[in-house]
Amino acid sequence: MTTSAQPLSVAVIGAGMAGRAHAAGYRSVNTVFDAGLPPVRLAAIADANIALGEDAARRYGYEKALPSWEAVAEDPTIDAVSIVVGNDLHRPIAEALIAAGKHVLCEKPLAGTVEDARAMAELARGADVVTAVGYTFRRSPAIAAIRDHVLRDELGELTLFSGRYWCDYATDPKGPLSWRFKGGPGSGALGDVGAHVIDTAEYIAGPITTVSGASLSTQIPKRPLPLGAVVGHNAAPVSDELGAVENEDTASFTARFESGLVGTFSVSRTAFGLPNGLSFDILGVGGRAAFDQHRPAEYLFDGAQPDARPGGARQIIAGPNLPYFKGGYPMEAPGVGGGNAEMFTYQARAFLDQVAGVAEPLPSCATFADALRTMEIIQAVVKSSRQGGTAVDVPPAV
């Protein structure tokens with residue numbers, strides 16, 4: 001482990017939308033929570049689109065832009081790296097970085113295929129470096145608070161989890177056929193946004209054991225081929241030639257948890273007017289809670305009260321009494337808002353806490369094994385869909 005006397009040198013592979021969120025997170029890690037993390041050197045951002053990499057390096061204060069991920073792996077001065085590129089590239093990059101002795105924070109989903117994910121999880125088990133996965137929503141103060149309610153049994157026996165992740169980034173049929181629309185069933189809305197809501201459900205309510213009733217569909221089966229690089233969900237110049245979309249725009253399924261809890265899930269990238277609609281309700285015999293990422297600085301909670309007359313859900317405004325908030329915001333006062341940028345900072349801090357072995361770290365990041373499990377659940381959903389919605393067991397959590 002790196003000691004507190006040694007600076008930590010970090011790099012980000014991928015200068016697109018999520019890569020910039022990682023880059024900004026590392027830049028801010030020493031502005032939040034207690035002292036103990038060593039100084040952080042912002043070494044490099046790598047991207048095959050060198051102009052994009054140079055722009056990201058300038059914006060976030062990194063020393064240089066590199067033209068390839070190989071250049072990061074070969075740089076002996078870099079300690080820790082975020083992988084934020086297309087899913088199919090995750091495995092070869094992670095293998096090279098781990099072989100070079102670098103700590104790795106990989107974006108979800110873990111890989112392009114379950115087979116690659118299994119190989120990555122096996123590699124991580126024997127590696128002498130920290131490996132982690134970017135399930136950013138675990139760092140939401142509101143979601144972490146709801147998890148605490150469940151762990152303290154304040155909702156009683158759980159009866160239903162209903163989770164949605166509805167986004168609109170693919171509603172335009174003229175949107176370019178980027179890598180997000182390539183790959184087999186399960187690599188579309190399920191892999192992109194479904195991975196987050198599945199992980200959130202298990203983070204709060206425990207392991208899923210069975211899925212059933214699955215249905216996958218594609219609303220826009222063909223899209224125009226791009227004429228150049230496509231960054232994030234942005235529009236880009238396209239040709240008149242169309243290519244086939246290879247994965248799902250929407251999916252829904254039900255699940256049974258190890259506790260007996262029933263779950264319903266739906267995900268979509270063609271949900272008009274919903275830019276980032278992760279939301280869920282969790283119900284118990286003694287209480288309920290709800291969260292909507294479009295209102296990230298609050299959640300709803302309803303539990304037992306001495307007098308039933310004023311009963312009803314209460315709006316809990318995020319403040320210093322919630323996880324991550326105290327020490328995590330420049331203005332430590334309820335009602336100042338919050339969002340994805342802070343969660344990426346907390347995630348980067350938690351990752352570097354693990355790397356540096358600080359005395360009082362943030363809760364550890366999700367592991368490669370956790371992310372493999374999410375992909376196994378997605379694989380079970382795809383299998384259920386192909387079998388007309390029949391029940392499919394999920395491998396036990398390791």
With a cut-off of 6.0 Å (strictly less than), are more than 12 heavy atoms of other residues, nucleotides or ligands near [atom1] of [X]?
X	atom1	value
Arg386	CZ	no
Glu157	CD	no
Lys182	NZ	yes
Gln315	CD	yes
Arg314	CZ	yes
Trp69	CH2	yes

I need the [X] [atom1] to [Y] [atom2] distance, nearest 0.5 Å.
X	Y	atom1	atom2	result
Met17	Asn340	CE	CG	9.5 Å
Lys108	Ile198	NZ	CD1	10.5 Å
Leu89	Trp179	CG	CH2	9.5 Å
Ser178	Leu225	OG	CG	11.5 Å
Thr31	Leu37	OG1	CG	11.0 Å
Leu66	Ile50	CG	CD1	7.0 Å

field: Charged tip of Arg164 within 45° of Phe265 ring normal and under 6.0 Å
entry: no

message: When you measure from the centre of the six-membered ring of Phe301, is the NZ or CZ of Arg288 closer than 6.0 Å and no more than 45° off the axis?
response: no

Side chains of [X] and [Y], donor plus acceptor under 3.5 Å:
X	Y	answer
Arg139	Tyr324	yes
Thr264	Thr254	no
Ser9	Thr77	no
Tyr169	Thr270	no
Thr200	Tyr135	no
Thr345	Gln347	no
His149	Tyr299	yes
Asp168	Thr171	no
Glu107	His22	yes

query: Considering the options Val394, Val392, Leu216, Val267, which one meets the side chain to side chain contact (heavy atoms under 4.5 Å, CB included) requirement together with Val381?
result: Leu216

Backbone N/O of [Y] and side chain of [X]: donor-acceptor pair under 3.5 Å:
X	Y	answer
Thr218	Asn247	yes
Asn30	Pro38	yes
Thr159	Leu283	yes
Glu246	Gly183	yes
Arg138	Ala144	no
Ser187	Gly184	yes
Asp353	Leu362	yes
Tyr26	Val40	no
His103	Val130	yes
Glu332	Lys326	no

field: Within-4.5 Å side-chain heavy-atom neighbours: Ile316 and Leu300
entry: no

- request: Determine, stepwise, if the pair Glu54 / Lys64 fulfils salt bridge (charged side-chain N to carboxylate O under 4.0 Å, His left out).
  value: CA-CA 7 Å; Glu54 288 174 345; Lys64 59 188 174 184; over 6 Å; no

query: Do Arg91 and Glu95 pass the salt bridge (charged side-chain N to carboxylate O under 4.0 Å, His left out) test, and can you show the C-alpha distance, the side-chain angles, and the key distance before you say yes or no?
result: CA-CA 6 Å; Arg91 179 181 176 181; Glu95 288 176 340; 2.8 Å; yes

message: Pair Thr131, Val129 - check side-chain contact (heavy atoms from CB on, under 4.5 Å), show working.
response: CA-CA 6 Å; Thr131 55; Val129 293; 4.2 Å; yes

Candidate pair Arg349 and Asp34, rule salt bridge (charged side-chain N to carboxylate O under 4.0 Å, His left out), full reasoning: CA-CA 11 Å; Arg349 175 63 190 257; Asp34 295 331; over 6 Å; no

task: On the 0 to 90° scale, with breaks at 30° and 60°, tag the Tyr165-Phe137 ring pair as parallel, tilted or perpendicular.
output: perpendicular

task: Please step through side-chain contact (heavy atoms from CB on, under 4.5 Å) for the pair Thr209 and Asp393, ending with a clear verdict.
output: CA-CA 6 Å; Thr209 57; Asp393 291 338; over 6 Å; no

- prompt: Are Ile93 and Val12 in one and the same hydrophobic cluster, where Ile, Leu, Val, Met, Phe, Trp and Tyr link if side-chain heavy atoms are under 4.5 Å apart?
  reply: no

message: Between Leu352 and Leu105, is there shared hydrophobic-cluster membership here, with clusters defined by ILVMFWY side-chain heavy atoms closer than 4.5 Å?
response: yes

message: salt bridge (charged side-chain N to carboxylate O under 4.0 Å, His left out) for Arg41 and Glu63? Distances and angles first, verdict last.
response: CA-CA 9 Å; Arg41 171 188 167 226; Glu63 294 176 6; 2.9 Å; yes

